[in-house]
Amino acid sequence: MTPNPLRWMSFPVERGADWTKTALLAYSGDAATKTGLAIYIYAITEDMKTAHAFSSLDGDMLIIPQSGTIDVQTEMGNLLVRQNEIAMIPRGVRHRVTLPYGPSRGFICELFQGHFRLPELGPIGSCSLANIRDFQVPVAAFDGKLQAGRALGNDRSWTIISRLGGNLFSCTQDHTPFDVAAWNGTFYPFKYDLARFCVLGNTLYDHADPSLFTVLTAPSYREPGTAVVDFAIIPPRWNVMEDTYWLPYYHRNTMAEFSGAIITRQDPDCPWNQGLEFQPYGAALNSGMACHGANSDAHRAAEEQETTPKKVQTEGFTIFLLETECPLWVSDWAVEWKDVLKTREANAKPRL
Ligand SMILES: [Fe+2]
């Protein structure tokens with residue numbers, strides 16, 4: 001744990017990895033006491049092995065692809081998750097991940113405590129931000145066949161890999177885990193297209209807190225308005241400010257801010273979509289009360305700009321934030337990457 005802002009320009013990537021090979025980047029709390037969260041990264045080039053399924057027994061998994069598409073077969077049905085979409089797989093739900101269009105990389109926020117939900121909208125009212133109607137839930141997809149009106153599963157041996165306490169375990173069973181012919185209930189996977197996020201913003205002056213861009217939250221109920229984690233995005237949008245300075249404040253905030261990039265350009269020829277490097281940058285972490293924001297160069301540039309409406313965040317990537325009320329521990333693996341670990345001086349762009 002460090003009070004200094006951290007930035008990783010990139011991450012070392014092990015080629016030949018599948019969905020079971022994720023790397024722990026940072027965490028808070030403990031799955032054993034159902035407190036806090038963990039942040040993993042993945043960079044995969046391989047389908048999961050035939051007849052292998054995975055689940056996390058530690059927490060709900062919010063999957064945030066940075067680049068590439070993953071095809072997720074779950075017990076409740078199938079989810080094709082593309083760039084600029086997110087998916088959530090509940091704790092303990094078995095799933096199998098394959099790559100229909102080549103390598104994929106991204107982030108997973110594993111929530112040890114509670115569940116993700118939409119934020120309270122308060123004075124916003126009944127709609128905007130992420131709307132319920134835009135969340136997509138799979139329909140049952142049975143891995144087997146119908147014979148004389150009876151559903152029959154594939155009776156081959158399956159390997160089930162489970163994460164518990166951050167460690168992986170495996171067992172075998174003599175039937176497919178994807179044997180659900182129909183389901184109902186409230187504990188199910190879903191996906192959401194971030195392009196459908198209805199952005200709200202300042203239309204006259206000042207600069208709102210990025211909590212206005214919260215897509216999903218996991219309330220901690222420690223006190224009103226606190227969260228184990230808020231998932232927010234800084235999407236393309238219009239900045240409309242009349243005769244006023246428009247940069248975000250240089251600031252400190254109570255929550256720890258972890259940020260990464262989602263590449264919105266789906267063109268495979270885009271350099272950011274090629275290879276397994278985390279580009280255009282790896283990730284950044286500002287611990288609670290660490291100073292961050294626009295630096296003096298950005299301030300001077302903004303002073304000379306016209307204060308007319310302008311479209312911002314159009315560079316082809318969207319920054320996401322995982323903001324948590326608790327300080328994050330950085331994993332030994334991530335700290336070891338000292339050659340890519342930079343402090344505040346290197347943290348000028350992108351600005352949050
Ligand atoms: Fe901040």
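Counting starts at 1 for both ligands and their atoms, in listed order. Below, all heavy atoms of this structure are taken into account, side chains as well, without hydrogens, waters or symmetry copies. Starting from 1, each residue takes its place in the sequence as its number.
- Between the Fe ion (ligand 1) and the N, O or S atoms of H292, the shortest distance is to NE2.
- Its N, O or S atom nearest to the Fe ion (ligand 1) is what matters here, and for E257 that atom is OE2.
- At a cut-off of 2.8 Å, N253 is counted among the residues with an N, O or S atom near the Fe ion (ligand 1).
- Counting heavy atoms of neighbouring residues, nucleotides and ligands inside a 6.0 Å radius, atom CD of E303 exceeds 12 of them.
- H251 contributes NE2 as its N, O or S atom closest to the Fe ion (ligand 1).
- Residue-environment remark: CG (D206) exceeds the threshold of 12 foreign heavy atoms within 6.0 Å.
- The list of ring-ring contact (aromatic ring centres under 6.0 Å, His included) pairs with a residue in residues 128-154, not counting sequence neighbours, reads F135-F190, F135-Y192.
- Scored by the ring-ring contact (aromatic ring centres under 6.0 Å, His included) test, H115 finds F187 as partners (sequence neighbours excluded).
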